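Counting starts at 1 for both ligands and their atoms, following the listed order. Just so it is clear, the model here is predicted, and its values are computed rather than measured.
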Amino acid sequence: MESISRKTFIKSSGLLLAGEILVKKAGAFASGAAQPAETASKPAKKWMLKNVRLETGFVYEDGEVIATETGLFRVEIEGGKIKAVLPNDPKADATDAKGQLMLPAFRDMHIHLDKTYYGGPWKARLAKNRSVKDMIAFEQKTLPELLKMSTYRAEKIIELLQSKGTNFARSHVNIEPTSKLDSLKNLQKAIENKKDSFGTELVAFPQHGVFYSHSEQWMKEAAAMDIDFIGGLDPNAIDGSVEKQIDFIVQLALDHGKGIDIHLHEGGEPGLKTVEYLTQKVIENPALAGKTFLSHCFVLARLEKPKLEEVSEKLAHARVGVISTIPFGSTIMPIPTLYRHGVTVMTGNDSIVDHWNTFGSGSVLQKSNLMAQLYGQSTELDLSRCLKLATCGILPLDEKGKQQWPKAGDEASVVLVDASCSAEAVARISPVKALVHRGNPVYRN
Ligand SMILES: [Zn+2]
């Protein structure tokens, strides 16, 4: 990195990295000029965007939404928040959004930032690793090498996510006897380096099983560190007991005031039992409601309709969310049913490129697009609703077309996209032109 100038680096990465480089002046996206490092960690001051396109309503014909109305505005930002949305003034001394559409910044709610190949040479996954236990054996061999560059690669993958409009990720991080706490510590360094431009929450993830690999003590140590969720993995398939692993996770989460987010790939009776047992534990322990999640949860895709309706109802009642993969091979998750019951549904890239998967693009807007395609959401209204998968539920317009975002006081984490409205952004996976993280300009394309 020393061999190229900082300016060249900024240009070549296409990114403006708060934490190392911030803005040329508060109130503008940096154009490649670096400021002294000491200004970097300060929050951006008051600044203004002009010619910002915002959605203002729906256009109806015969009762159907046929278009989205938009207008141009100025958006004032201060202290990491949107201070005001004002009438446009093209002559204002402000950063020019050039008529691009402002949307809430995107959030990737399931990714493994700690063990990616991204930032290194391309490498597709190997056919020989078929089962989760094969993968555990493979990781025990390969993680020591990966750990040597995991901080650098985590920073590179964060930059990729930023370039796709994402300013926040929930990352699982390996906690097992091979990595010990090093994967966590290395990732925490990357997060610290990116803290002004990217937000994270971490899941202590027993990737090699809790009991299968004797990870209990490491999980207990991780739980006392700066993490947000206790993870888990296929309790029956890996640890041989649904109750034993779930009881351990639930107790650890309760003892340390954390949430829960477990990987559940296994289907059939053990998969369903895991869903029902965990849901029951959350009902018995209200402290876990709203902060317990089942990642993947493929078993839901294989349930008969009446059982699916029943389980969805229970998940909604217990406030247990599903972090869904979209799609996963031929498995199509019942996302519309989950939404209909009021279950929280979120998504993420999971992998960009690693030994588990090679298909991630870094874009969660692409996930919204895939959801729209998979479930036949092709009208203006339906497409506009699909955006919520990328924004974790925030939509500029409500069902009736009433503007609900942005409002004064909202977090100033926004993207500018080259689209005329949300529906077009979802349908076209429109290019992200800029990202602002909590008031700090991060990325400008
Ligand atoms: Zn995962």
Show the numbers, then the answer: is there a side-chain contact (heavy atoms from CB on, under 4.5 Å) between Arg385 and Leu397?
CA-CA 9 Å; Arg385 305 299 90 186; Leu397 301 177; 4.0 Å; yes
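At least one N/O/S atom of His110, from backbone or side chain, sits under 2.8 Å from the Zn ion (ligand 1). Look at His296 and the Zn ion (ligand 1): no N/O/S atom of the residue is under 2.8 Å from the metal.
Ring orientation note: the planes of His172 and His263 are nearly perpendicular, at an angle over 60° on the 30°/60° scale.
Of all the N, O or S atoms in Asp350, the one closest to the Zn ion (ligand 1) is OD1.
Checked against Val426 for a side chain to side chain contact (heavy atoms under 4.5 Å, CB included), the options Ser384, Ser368, Cys421 give a single hit: Ser368.
Using modelled atom types, one finds no donor on one side chain facing an acceptor on the other under 3.5 Å when comparing Glu139 with Thr178.
With the Zn ion (ligand 1) as the vertex, NE2 of His112 and NE2 of His263 span 100° to the nearest 10°.
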